[in-house]
Amino acid sequence: MKEKITSRVGRIISGSFNALVDAVENTAPEIVMEQAIREVDDVIEEVRGELGKTIADKHLANSRLMQINNKVEDLGEKIELAVNENRDDLAEAAIAQQLDMEAQIPILENQISDLSNSEKELEGYIAALQGKKREMREELTLY
């Protein structure tokens, strides 16, 4: 879906409002212009939906990362206690579990970074679309 949004935003931003009106000479230009502005509104809402999903995914990844960090810390305390009580079997099991969890940390950190980049990109799309919409409204008013 992201590619679809990217191509739609690009098409709208690069498109000329006057070219659209010229392309449909026999149609009422005001109606065509209003329809084009409504399309921009639709794309803005679609991008906002994608932005909301991205923010939610980022929140979930952050929550999972915090859970893992807390669990790793808790396991560290349990390992220390098991070693102090000469329970090597418990210490080994906790160390294995701790290593498994630590392996997930870089993946979650990369995911959070990717989602942050996507969030910034989508926010930029919204700003660009809102600017284009203002430009289109001005052109409609001048027409």
Side-chain angles (χ1 to χ4, degrees), residues 1-24 27 29-143:
M1 181 159 151
K2 186 155 169 61
E3 273 308 310
K4 182 180 174 186
I5 289 174
T6 303
S7 63
R8 286 183 73 192
V9 169
R11 180 178 51 79
I12 288 172
I13 298 301
S14 66
S16 168
F17 205 43
N18 291 328
L20 175 66
V21 173
D22 293 343
V24 287
T27 308
E30 294 89 3
I31 294 171
V32 173
M33 290 177 170
E34 286 293 338
Q35 177 59 35
I37 291 170
R38 280 192 295 275
E39 182 182 356
V40 172
D41 283 334
D42 291 345
V43 175
I44 289 172
E45 287 308 308
E46 187 176 337
V47 173
R48 280 189 178 139
E50 190 69 24
L51 177 61
K53 182 183 176 306
T54 299
I55 290 170
D57 289 346
K58 182 178 159 188
H59 174 73
L60 290 173
N62 273 317
S63 295
R64 180 69 181 141
L65 181 60
M66 286 179 14
Q67 287 174 344
I68 288 174
N69 283 328
N70 290 338
K71 184 89 175 186
V72 166
E73 187 178 311
D74 183 51
L75 285 169
E77 293 169 6
K78 289 179 180 179
I79 291 167
E80 187 177 328
L81 180 63
V83 169
N84 289 339
E85 294 185 7
N86 293 322
R87 293 293 311 265
D88 291 342
D89 58 326
L90 293 178
E92 287 177 18
I95 289 170
Q97 193 175 16
Q98 188 179 41
L99 290 172
D100 290 344
M101 295 203 146
E102 286 176 346
Q104 296 176 36
I105 291 173
I107 293 166
L108 285 169
E109 289 173 341
N110 286 339
Q111 181 183 18
I112 292 166
S113 175
D114 291 346
L115 290 167
S116 292
N117 292 337
S118 181
E119 180 180 359
K120 289 175 188 169
E121 181 181 19
L122 291 168
E123 287 170 347
Y125 288 165
I126 291 171
L129 286 166
Q130 288 171 334
K132 184 65 174 183
K133 181 180 169 185
R134 282 189 295 275
E135 177 186 319
M136 293 168 83
R137 283 270 177 223
E138 288 173 17
E139 289 185 33
L140 177 60
T141 301
L142 293 175
Y143 184 79

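Values reported hereafter were calculated over all heavy atoms of this structure, with side chains retained and with hydrogens, waters and symmetry mates removed.
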Original post:
Do Arg48 and Glu45 meet the salt-bridge criterion of a basic N to acidic O distance under 4.0 Å?
Top reply: yes
Subject >> Contact summary for Ala61 and Ile112, nearest pair of heavy atoms >> reply: CB-CG1, 3.6 Å
**OP:** Kindly give the heavy-atom pair with the smallest separation between Ile79 and Ala94, and that separation in Å.
**Re:** CG1-CB, 3.4 Å
**OP:** Provide the closest heavy-atom pair for Gln98 versus Val72 in the form atom of the first, atom of the second, distance.
**Re:** NE2-O, 3.1 Å
Original post:
Is the shortest heavy-atom distance from the side chain of Glu119 to the side chain of Leu115 under 4.5 Å?
Top reply: no
Subject >> Rounded distance [0.5 Å steps], CG in Leu108 versus CG in Leu60 >> reply: 11.0 Å
Subject >> Within 6.0 Å of CD in Glu80, more than 12 heavy atoms from elsewhere >> reply: no
Original post:
For Glu109, does its backbone N or O pair with a side-chain atom of Ser113 as donor and acceptor, under 3.5 Å?
Top reply: no
**OP:** Flag the pair Lys133 / Leu129 as yes when at least one side-chain heavy-atom distance between them is below 4.5 Å, and no otherwise.
**Re:** no
Original post:
If you look at every heavy atom in Ala91 and Ala82, which pair is closest and at what distance?
Top reply: N-CB, 3.7 Å
**OP:** Find the distance between CG (Asp114) and CG (Asp57) and round it off to the nearest 0.5 Å.
**Re:** 11.5 Å
Original post:
Quick one: CG on Leu65 to CD on Gln111, what's the gap to the nearest 0.5 Å?
Top reply: 10.0 Å
Original post:
Between CD1 of Ile44 and CG of Leu51, what distance do you get to the nearest 0.5 Å?
Top reply: 12.5 Å
Original post:
Near Lys58 NZ, under 6.0 Å, is it more than 12 heavy atoms from other residues, nucleotides or ligands?
Top reply: yes
Subject >> Salt bridge present between Glu50 and Lys53 (N-O < 4.0 angstrom) >> reply: no
**OP:** Drop me the distance from Gln104's CD to Lys71's NZ, to the nearest 0.5 angstrom.
**Re:** 11.5 Å
Subject >> Rounded distance [0.5 Å steps], CG in Leu90 versus CD in Glu92 >> reply: 9.5 Å
Subject >> Lys/Arg N to Asp/Glu carboxylate O, Asp42 vs Arg38, below 4.0 Å >> reply: no
**OP:** Mark yes when over 12 heavy atoms from residues, nucleotides or ligands other than Glu123 sit less than 6.0 Å from its CD; otherwise mark no.
**Re:** yes
Original post:
Using 4.0 Å as the upper bound for N to carboxylate O, is an ion pair formed by Glu34 and Arg137?
Top reply: yes
